[in-house]
Amino acid sequence: MKTYNQYSFRTATRDDLDLLMAWQSAPHVGEWWDSDEPYDAEDLNDPRVARWIVSFDNKPFAFMQDYTVHGWDDHHFAHLPKGSRGIDQYIGDPEMIGVGHGSAFIRARMIALFRQGAPVIATDPHPENARAIAVYRKLGFEPSGLPQDTRWGVILPMLAKTE
C-alpha cells in the first residue's frame, strides 16, 4: 500500500520543460490534457499557479498543479471561499498508471493544501474521463454542478472540503 509520505513534490523549473513536453506528447496524457499548448518559462513564472514535478522513490513520474481559483475573473470556481485551490495533474510515466499512484499523490497534495488553510479544493475533469472522476470520488470529491463548457474546455466541477 502506498502512503502519501512516499511522494515528493518539487517546483517545476525551466529545466523540466523538455520532460513536461515529452509527457504531454504521450497518448495517455494527450487524451485528457491539452498538449497543443505545452508549458513555457512564462507559464512556470505565473504566481497564480504552483506547478510540481511529483516523484516516487526519487523518480519523477507525474506533474501536478494547484492554483488560486480567484486568479481569473471568469474562472468557474471563482465563487468558492477565499483561499480555495484548484488542482490538475497527470501521470507522465505510463508504467505508473493503474497501480494506485494517482490517488496517493493527489491525497498527499490535498493534505498539504488543507494544512495550509485551503477551505475547499476544486477539480474539473472532463465529464467523460471516468478514471479521473472515480479517483476524485475515492478522495472525497463530489460533483458540484452539471458539466459545463468553459474557456478551458468541457468540465465536471468537483469539490472536496476539509473534514
Side-chain angles (χ1 to χ4, degrees), residues 1-10 12 20 23-24 26-35 37 39 48-57 59-72 74-163:
M1 181 173 163
K2 294 159 191 63
T3 60
Y4 73 89
N5 59 359
Q6 292 177 286
Y7 298 89
S8 61
F9 296 77
R10 68 167 175 75
L20 293 172
W23 283 347
Q24 288 177 350
H28 73 279
V29 175
E31 181 178 8
W32 302 112
W33 193 276
D34 186 4
S35 58
E37 296 182 24
Y39 288 114
R48 301 172 294 187
V49 185
R51 293 186 171 89
W52 309 98
I53 300 297
V54 185
S55 296
F56 179 75
D57 286 340
K59 180 184 180 237
F61 75 98
F63 170 79
M64 185 166 197
Q65 63 184 17
D66 59 88
Y67 57 90
T68 175
V69 299
H70 302 107
W72 298 263
D74 61 345
H75 198 280
H76 46 277
F77 292 130
H79 65 281
L80 294 175
K82 183 178 179 178
S84 296
R85 300 291 288 177
I87 61 168
D88 302 297
Q89 66 285 312
Y90 60 78
I91 294 177
D93 181 345
E95 294 180 8
M96 303 291 271
I97 295 172
V99 292
H101 289 292
S103 58
F105 83 80
I106 295 168
R107 181 180 313 281
R109 190 70 193 131
M110 289 175 69
I111 289 168
L113 292 171
F114 283 139
R115 285 183 179 162
Q116 292 168 11
V120 177
I121 299 173
T123 194
D124 50 11
H126 190 284
E128 295 175 8
N129 190 341
R131 179 182 289 217
I133 292 167
V135 167
Y136 291 132
R137 284 185 179 277
K138 179 179 174 182
L139 294 169
F141 285 87
E142 292 294 331
S144 66
L146 297 173
Q148 56 187 276
D149 195 12
T150 72
R151 72 176 181 155
W152 294 277
V154 179
I155 61 110
L156 174 66
M158 299 182 79
L159 305 177
K161 299 177 180 172
T162 58
E163 298 176 4

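Nothing fancy with the numbering, it's 1 onward along the sequence.
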**Report entry** Minimum-distance pair of heavy atoms, taken over all atoms of Leu156 and Gly145
**Finding:** CD1-O, 3.6 Å

Report task. Could you tell me the separation between the NE2 atom of His79 and the NE2 atom of His70, rounded to the nearest 0.5 Å? Result -> 8.5 Å

Report summary line: Paired with Gln89, the side-chain contact (heavy atoms from CB on, under 4.5 Å) test is passed by just one of Ile106, Asp66, Val54, namely Ile106

Requested in this report: Take the angle between the ring planes of Tyr67 and Trp72 and call it parallel below 30°, perpendicular above 60°, tilted in between.
Outcome: perpendicular

Report task. Give me the ring orientation class for Phe105 and Phe61: parallel if the planes are under 30° apart, tilted from 30 to 60°, perpendicular past 60°. Result -> perpendicular

Requested in this report: Please report the shortest heavy-atom distance between Trp23 and Phe63, naming the atom on each side.
Outcome: CZ3-N, 3.9 Å

Query raised in the report: What are the two closest heavy atoms between Gln24 and Val29, and how far apart are they?
Result: CA-CG1, 3.9 Å

Report task. Any chance you could lay out the side chain to side chain contact (heavy atoms under 4.5 Å, CB included) test for Arg131 and Ile97, step after step, and finish with the verdict? Result -> CA-CA 11 Å; Arg131 179 182 289 217; Ile97 295 172; 2.7 Å; yes

Query - Residue pair Val120 / Val69, side-chain heavy-atom distance below 4.5 Å - result: no

Query raised in the report: Would you call the rings of His126 and Trp32 parallel, tilted or perpendicular if under 30° counts as parallel and over 60° as perpendicular?
Result: tilted

Report task. State, yes or no, whether a side-chain contact exists between Leu159 and Pro157 at a heavy-atom distance under 4.5 Å. Result -> no

Query raised in the report: Side chains of Lys161 and Glu142: does their closest heavy-atom pair fall under 4.5 Å?
Result: no

Report task. Quick one: pull up CE in Met110 and CD1 in Ile121 and give me the separation to the nearest 0.5 Å. Result -> 4.5 Å

Requested in this report: Determine whether Ile87 and Phe141 make a side-chain contact, defined as any pair of heavy atoms from C-beta on separated by less than 4.5 Å.
Outcome: yes

Requested in this report: Could you tell me which non-hydrogen atom of Ile133 sits nearest to which non-hydrogen atom of Pro127, and how far apart they are?
Outcome: CD1-O, 3.6 Å

Query - Min side-chain heavy-atom separation Ser84-Phe77 under 4.5 Å - result: no

**Report entry** Atom of Lys138, atom of Ser103 and distance for their closest heavy-atom approach
**Finding:** NZ-OG, 3.5 Å

Query raised in the report: Is the number of heavy atoms from other residues, nucleotides or ligands within 6.0 Å of CD (Gln116) greater than 12?
Result: yes

Query raised in the report: Do Leu20 and Ile53 pass the side chain to side chain contact (heavy atoms under 4.5 Å, CB included) test, and can you show the C-alpha distance, the side-chain angles, and the key distance before you say yes or no?
Result: CA-CA 9 Å; Leu20 293 172; Ile53 300 297; 3.9 Å; yes

Query - Under the side chain to side chain donor-acceptor pair (under 3.5 Å) test, residues paired with Asn129 that sit two or more places apart - result: none

Query raised in the report: Hey, mind stepping through Tyr7 and His101 against side chain to side chain contact (heavy atoms under 4.5 Å, CB included) and telling me if it holds?
Result: CA-CA 9 Å; Tyr7 298 89; His101 289 292; 2.7 Å; yes

Query raised in the report: Got a donor-acceptor contact below 3.5 angstrom from the Asp93 side chain to the Glu95 backbone?
Result: yes

Report task. Grab the two heavy atoms, one from Phe114 and one from Ala160, that are nearest each other, plus how far apart they are. Result -> CZ-O, 3.8 Å

Report summary line: Across all chains, not counting sequence neighbours, the side chain to side chain donor-acceptor pair (under 3.5 Å) partners of Arg48 are Asp46

